[in-house]
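First up is the structure itself, then whatever we jot down about it.
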Amino acid sequence: MSRPRSCGAGARRAALALAGAGAAAAAAAHVWSRYVEIHRFTVREHELRILPPGTRPVRILHFSDAHLMPDQARKIAFLRHLETLKPHLVIDTGDNIASAASIPVLADAIDPLLRRPGAFAMGSNDMFAPHRKNPLRYFLRDPRPEGFTKRHREPDLPLGSLRSALTSHGWKDLTNTRASLRLTGLQVDLVGVDDPHLERDQFPAPDAARGAAPDAARGATGEAGADGTGRTPAAEAAATSTRADEAPAADVPHLRIGVAHAPYQRVLDAFVDDGAQLIFAGHTHGGQLRMPGVGALVTNCDLPRAQARGLSTWRGVPLNVSGGLGANPYSNFRFANPPEATLLTLRPQRR
Ligand SMILES: [Fe+2]
């Protein structure tokens with residue numbers, strides 16, 4: 001004879017157990033992402049063979065989206081640690097700070113990097129202080145109100161102070177402009193834009209004086225996951241990192257690099273059409289939200305989710321999108337998405 005009351009009680013117990021397990025898993029994920037993963041700073045390394053034969057290897061350090069607050073001691077320590085990678089060139093794709101008080105702290109933490117050749121593009125969080133956001137808004141096609149743009153709003157963060165700090169030892173400000181710098185045996189021609197997420201990007205006009213065709217092959221294949229054992233000795237790093245020579249050089253190979261905060265497709269296309277051989281961007285925070293086995297859920301721009309973090313290509317040109325070093329301080333967590341900087345080692349193409 002059946003006993004429906006007992007079966008009903010069993011189903012309720014199972015449902016409660018399931019709900020409890022789900023709540024426990026959610027709580028564990030929250031604790032992990034808020035107090036553990038947010039501090040698991042890592043350096044992602046890749047090799048790219050895009051330099052002309054005979055060119056010396058070049059190490060490029062790329063960091064982005066630090067969203068630094070003055071009390072973030074572990075992030076500050078990691079920023080200091082990056083100098084030990086001895087990059088020949090540093091690329092910063094913005095969203096450096098989360099408060100005005102963060103500027104001197106950032107400048108102090110990256111002071112050794114500021115003394116190396118470098119360049120930067122600004123992000124929206126370099127201009128506007130963060131505020132509380134609902135993470136679910138990222139699932140909207142564009143979470144901003146119709147017609148919203150901050151282009152004509154005055155920044156409420158001291159953008160000039162940040163710019164002064166970043167350029168204090170010669171880093172190039174790539175806000176809608178071009179710049180060049182010389183490494184040993186290589187001229188680097190840079191082009192950058194202001195933050196496309198705020199529609200502040202105005203691609204600079206072609207530079208006729210630097211109109212020479214790129215030396216390195218378009219569409220070189222990235223060799224992701226290198227372990228970094230190919231690093232050159234520190235002595236070579238010091239030699240290669242000689243302060244930039246501003247004068248364009250016709251007698252050395254050129255490398256064209258595009259730099260932007262937010263990797264919107266229109267900007268990536270413009271870089272490719274401009275002859276870029278390598279593109280750097282940030283903004284995506286590795287997808288803002290990631291799920292194990294699924295990857296990025298959103299990119300907060302029109303970049304495909306599969307390219308939300310790491311080295312890929314855009315129309316055949318290597319594209320490195322930094323997963324970023326931080327998060328909005330009001331939603332300061334990362335899940336399946338450790339904070340990262342990237343070390344790209346550029347090597348000569350094989351003959
Ligand atoms: Fe950011």
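Start at 1 and go down the list; that is how both ligands and their atoms are numbered. What's counted below: heavy atoms across the whole structure, side chains too, no hydrogens, waters or symmetry copies. Computed from a predicted model, the values in this text were never measured in an experiment.
- Close placement of the His67 and His285 rings is indicated, their centers lying within 6.0 Å of each other.
- When you scan the N, O or S atoms of Asp65 for the one nearest the Fe ion (ligand 1), you land on OD2.
- Pairing each heavy atom of Pro263 with each of Ala281, the nearest pair is CB-CB, 3.7 Å.
- Among the atoms of His285, an N, O or S atom falls under 2.8 Å from the Fe ion (ligand 1).
- Of the possible polar contacts, one joining the Asp126 side chain to the Asp95 backbone as a donor-acceptor pair under 3.5 Å is found.
- For the residue pair Arg44 and His46, a side-chain donor N or O sits within less than 3.5 Å of a side-chain acceptor on the partner.
- Annotation: angle subtended at the Fe ion (ligand 1) by His67 NE2 and Asp95 OD2 is 90°, to 10°.
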